[in-house]
Amino acid sequence: MRKAVSFFFLLTPVLVIVLVISLLGFAVVFISVLMGGGDELTDGYSGYLGGVPFADLINRTAARYDISPALIAAIIDQESNFNPKAHSSAGAIGLMQIMPGTCRGIGYPADECWKPENNIDAGGRIIAGHLKSYRGNLELALAAYNAGAGNVRKYGGVPPFPETRNYVVEVAKQYEKYKKKLVGGKFETVGGFPTTLMFPANGEITSPFGWRWGRMHEGVDIGAPEGTPIVAAADGVVIKSGPASGYGWVIVIDHGGGLTTVYGHMYHSTVVVSQGEAVSKGQKIASIGNNGRSTGPHLHFEVRMNGNSLDPLKYLRTNWKDG
Ligand SMILES: [Zn+2]
């Protein structure tokens, strides 16, 4: 009897857990069905935009509102042809043609509405809001962006205005065009960790990750002669290229999915990419230097997931030749 009781007590928590997991599974499926067509929100969001003006601001805004950078670029192309000083006769301002009152409502003074960082943020927020309201229906979201949500409601769909009908068609076309300029993609991860980083320079590991001389070394050092090319460890976008105390010139690449890589001790004169630029895995970004607190030419290389440094050697092959 005693044996049966303990068996029962052992079994009950297991059954409860199984039941809870099944219920959660059903709930997720049920909610997805309810939401319907919500896929469009992130459809095509498979990377970063490169080779267009204001790429840095566009990529950051897209990430902030979880929409495709290609969609933001398509709207900018149609609204202003990438001219931040564009003004419409109706009073709309800037790259994404925002009304000054709308800008004020979002928190930007009307006279600063034209500034690209404010204008793209406002436009990104507005189109993301419309996409949510219309459950990812791009046509309706674009119609609302052009003619206002009131008109979409009034006509129960895309309003019959020729300008709006044309706008919806043209932006959708541009969207397809800019999707082709997306590079990289959400970085492949397993359990939140990167899987396919490339060894960033042809050299030897001269100092490992971890504590040394009472200080945490947040990356690895790769020793090689000055001028040896440094390459991007994976596809991504350069989110920083600038000086950092002790590290000379530093480049940070955002690979999506929370993953960034950091490259240090370079000389500015060797840097061949700029902030906001999209880079491919293996593309040269700079050369090995000896700048900052450095006792010989080397690359200081960090791998960060959501800002936390990881041991790069767990995610890299151990030398240049293996890729
Ligand atoms: Zn180092």
Side-chain angles (χ1 to χ4, degrees), residues 48 56 184 187-323:
Y48 291 96
D56 187 28
F187 199 79
E188 271 176 60
T189 57
V190 173
F193 295 101
T195 54
T196 51
L197 291 177
M198 181 166 172
F199 208 78
N202 184 1
E204 300 297 323
I205 299 288
T206 53
S207 183
F209 174 87
W211 290 91
R212 59 173 191 187
W213 311 310
R215 280 184 60 190
M216 180 65 185
H217 187 222
E218 309 243 30
V220 292
D221 291 344
I222 300 170
E226 264 185 44
T228 304
I230 298 168
V231 303
D235 293 347
V237 161
V238 176
I239 56 167
K240 178 195 162 109
S241 176
S245 173
Y247 290 97
W249 197 269
V250 165
I251 289 176
V252 180
I253 300 178
D254 186 335
H255 306 288
L259 181 76
T260 52
T261 51
V262 181
Y263 310 75
H265 295 308
M266 289 94 74
Y267 295 105
H268 185 199
S269 60
T270 71
V271 172
V272 293
V273 291
S274 47
Q275 199 161 301
E277 188 174 334
V279 291
S280 307
K281 182 178 181 175
Q283 180 182 334
K284 183 183 171 185
I285 57 171
S287 302
I288 296 266
N290 190 17
N291 195 4
R293 274 196 308 276
S294 175
T295 53
H298 77 281
L299 168 67
H300 172 83
F301 175 68
E302 295 181 10
V303 174
R304 290 180 175 267
M305 183 56 80
N306 299 320
N308 302 311
S309 57
L310 307 173
D311 181 355
L313 292 188
K314 288 188 176 160
Y315 309 102
L316 290 171
R317 301 190 198 280
T318 49
N319 65 59
W320 172 259
K321 281 185 220 116
D322 293 338

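FYI, side chains are in, hydrogens and waters are out, and symmetry mates aren't considered; it's all heavy atoms of this structure. Worth saying up front: this structure is predicted, and the values here are computed from it rather than measured. Whatever order the structure lists ligands and atoms in, that order sets their numbers, starting from 1.
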Inset, instruction - For S294, enumerate each residue passing the side-chain hydrogen bond (donor to acceptor under 3.5 Å, both in side chains) test, keeping only those at least two apart in sequence or located in another chain. - result: N290, H298

Legend entry - Residues in side-chain hydrogen bond (donor to acceptor under 3.5 Å, both in side chains) contact with H300, at least two apart in sequence or another chain: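 If we apply the side-chain hydrogen bond (donor to acceptor under 3.5 Å, both in side chains) test to H300, skipping adjacent residues, the hits are H217, D221, E302.
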
Inset, instruction - Identify the residue among F209, F199, Y263 that makes a ring pair (Phe, Tyr, Trp, His ring centres under 6.0 Å) with F301. - result: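 Going through F209, F199, Y263 one by one, the ring pair (Phe, Tyr, Trp, His ring centres under 6.0 Å) with F301 is satisfied by Y263 alone.
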
Inset, instruction - Have a look around the Zn ion (ligand 1) and list protein N/O/S atoms under 2.8 Å, or say none. - result: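 Those protein N, O or S atoms (cut-off: under 2.8 Å from the Zn ion (ligand 1)) are H217 NE2, D221 OD1, H300 ND1.
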
Inset, instruction - Give a yes or no on whether the backbone of T260 and the side-chain of D254 come within a donor-acceptor separation of less than 3.5 Å. - result: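 Judged by distance alone, no pair lies under 3.5 Å.
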
Donor-acceptor pairs under 3.5 Å, side chain of residues 244-252 to any protein atom, not counting sequence neighbours: which ones?
| residue | atom | partner | partner atom | Å |
| --- | --- | --- | --- | --- |
| W249 | NE1 | S241 | OG | 2.9 |

Legend entry - I285 vs I253, side chain to side chain contact (heavy atoms under 4.5 Å, CB included): CA-CA, chis, key distance, verdict: CA-CA 10 Å; I285 57 171; I253 300 178; 4.2 Å; yes

